[in-house]
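Let me begin by presenting the structure, written as structure tokens, before commenting on it.
Please read these numbers as outputs of a predicted model, since none were measured by experiment.
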Amino acid sequence: MSQVLPASISAALFHERADAIAAAARELAQHGWTPATSSNFSMRVDADHAAITISGRDKGKLGRDDIMLVDMDGKAVGTDSRPSAETELHTQVYRRWPEINTVLHTHSRTQSVASRLFAKDGVVKLQGWELQKAIHGHTTHESVLDIPVFPNTQHMPELVAQVDAWIDAGKPLHAYLINGHGIYTWGRDMAEARRHLEALEFLLVCELDLRRLNA
């Protein structure tokens, strides 16, 4: 079924978001970060809706028709297509931070291995790396950037509750890993979200290298 848009959303706006998501997904797939149709990507459309990848699509071959509209409860709008089971993790970010307009979730090998290695600690503590300055709000390598690692579950309300608990405890959150899974990060626009994702991938590689060299 084709996408039917609410009267408040123009086709041009939805297509702009859909094209941006599809292009980013294709590029990230070339890095090998979206194996076996994994990963999901979204962009805010307005205060009440987001565009997100349709479940089960090959991220290396996405086009406009592989993107659908959901409301901020993660429910499909104007289509019979099925969004990712993890859609609620995207809409949670949009609900918590109105300034955020893009959410990216990937499954690189580095992200997946790091999520297992640091799961027992519950956090990856990044400190002393110059590239921490690529993350919004961090202006020095002397800052501490904590990336929590949440236990994996197929029950999305549990994951949503874990993320909410971290934020409600007053802890800064720019990204998180899910054990045995991958990473979620976001930004005020696609460029910032991409910058965060690429910087965190690099920093996780560095942390894994240090663990290996110091073993």
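In this structure, the side chains of Lys171 and Asp146 stay at 4.5 Å or more apart for every pair of heavy atoms. Between Leu173 and Pro148, some side-chain heavy-atom pair lies under the 4.5 Å cut-off. Here the side chains of Val123 and Phe150 are not in contact, with every heavy-atom distance at 4.5 Å or above. In this structure the side chain of Asp66 never reaches within 4.5 angstrom of the side chain of Thr53, judged on heavy atoms. Leu69 places a side-chain heavy atom less than 4.5 Å from the side chain of Pro6.
At a threshold of 4.5 Å between side-chain heavy atoms, the hydrophobic network of Ile, Leu, Val, Met, Phe, Trp and Tyr places Leu197 and Leu62 in one connected group. If you chain together hydrophobic residues whose side chains sit under 4.5 Å apart, Ile100 and Leu104 never meet in one group. In the hydrophobic clustering of ILVMFWY residues, with side-chain heavy atoms under 4.5 Å counting as a link, Val149 and Leu159 come out apart. Note on Met156 and Tyr176: same hydrophobic cluster, where clusters join Ile, Leu, Val, Met, Phe, Trp and Tyr whose side-chain heavy atoms are under 4.5 Å apart, directly or indirectly. By the criterion of side-chain heavy atoms lying less than 4.5 angstrom apart, applied directly or through intervening Ile, Leu, Val, Met, Phe, Trp or Tyr residues, Phe118 is not grouped with Val163; the two fall into different hydrophobic clusters.
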Output, in order, the C-alpha distance, side-chain angles, deciding distance and verdict of side-chain hydrogen bond (donor to acceptor under 3.5 Å, both in side chains) for Thr106 and Gln111. CA-CA 8 Å; Thr106 52; Gln111 296 154 18; 2.9 Å; yes

Take His181 and Glu86, measure what side-chain hydrogen bond (donor to acceptor under 3.5 Å, both in side chains) needs, and give me the verdict at the end. CA-CA 12 Å; His181 196 133; Glu86 299 162 20; 3.2 Å; yes

Could you go step by step and tell me if His155 and Glu158 meet the side-chain contact (heavy atoms from CB on, under 4.5 Å) rule? CA-CA 6 Å; His155 187 53; Glu158 290 182 26; 3.4 Å; yes

side-chain hydrogen bond (donor to acceptor under 3.5 Å, both in side chains) assessment of Thr110 paired with Ser108: CA-CA 5 Å; Thr110 295; Ser108 79; 4.6 Å; no

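Using a distance-only test at 3.5 Å, with no hydrogens or angles considered, no donor-acceptor pair links the side chain of Asn214 to the main chain of Arg211. Between the side chain of Tyr94 and the backbone N or O of Ala47, no donor-acceptor pair lies under 3.5 Å. Not one N or O on the side chain of Thr34 forms a donor-acceptor pair closer than 3.5 Å with the backbone of Ala25. One N or O on the side chain of Trp166 and one on the backbone of Pro172 form a donor-acceptor pair closer than 3.5 Å. A donor-acceptor distance shorter than 3.5 angstrom exists from the side chain of Asn101 to the backbone of Arg188, with no hydrogens or angles considered. Side chain of Gln127 to backbone of Val144: no donor-acceptor contact under 3.5 angstrom is found. In this structure a side-chain-to-backbone donor-acceptor pair under 3.5 Å is missing from His49 to Val45.
Atom-to-atom distance recorded for Asp46:CG and Ile9:CD1 is 4.5 Å, nearest 0.5 angstrom. Once rounded to the nearest 0.5 Å, the distance linking CD1 of Ile54 with OG1 of Thr37 reads 13.0 Å. Distance check: Leu208 CG to Leu203 CG gives 11.0 Å after rounding to the nearest 0.5 Å. A distance of 6.5 Å separates NZ of Lys59 from CG of Asn40, quoted to the nearest 0.5 Å. Separating the CZ atom in Arg44 from the CZ atom in Arg95 is a distance of 10.5 Å, to the nearest 0.5 Å. With values rounded to the nearest 0.5 angstrom, Leu131 atom CG is found 8.5 Å from Leu200 atom CG.
Legend: residues meeting side chain to side chain contact (heavy atoms under 4.5 Å, CB included) with Ser143, ordered by chain and number and at least two apart, are Gln132, His138, Thr140. Checked against salt bridge (charged side-chain N to carboxylate O under 4.0 Å, His left out), Glu27 has the following partners two or more places apart in sequence or in another chain: Arg194.
Nearest approach of Arg17 to Ala51, heavy atoms of both residues: CB-CB, 4.2 Å. Of all heavy-atom pairs between Ile67 and Gln3, the closest is O-OE1, 4.4 Å. Closest heavy-atom contact between Ala175 and Ile147: O-CG2, 3.9 Å. Taking every heavy atom of both residues into account, Met68 and Arg82 meet most closely at SD-C, 3.6 Å. Of all non-hydrogen atoms in Pro83 and Val70, the two that sit nearest each other are CB-CG1, 4.0 Å. The two residues Ala134 and His196 make their nearest non-hydrogen contact at O-CD2, 3.4 Å.
Below 30°, between 30° and 60°, or above 60°: for His105 and Tyr184 the angle between ring planes is below 30°, a parallel geometry.
A salt bridge links Asp164 and Arg96; the closest N-O separation between the charged side-chain nitrogens and carboxylate oxygens is under 4.0 Å. Using a 4.0 Å cut-off between charged side-chain N and carboxylate O, Glu130 and Lys133 make a salt bridge.
Side-chain contact of Trp129 with Glu207: a donor-acceptor pair under 3.5 Å is present, judged by distance alone.
Screening residues 67-76 for side chain to side chain donor-acceptor pair (under 3.5 Å), with sequence neighbours left out, gives no hits.
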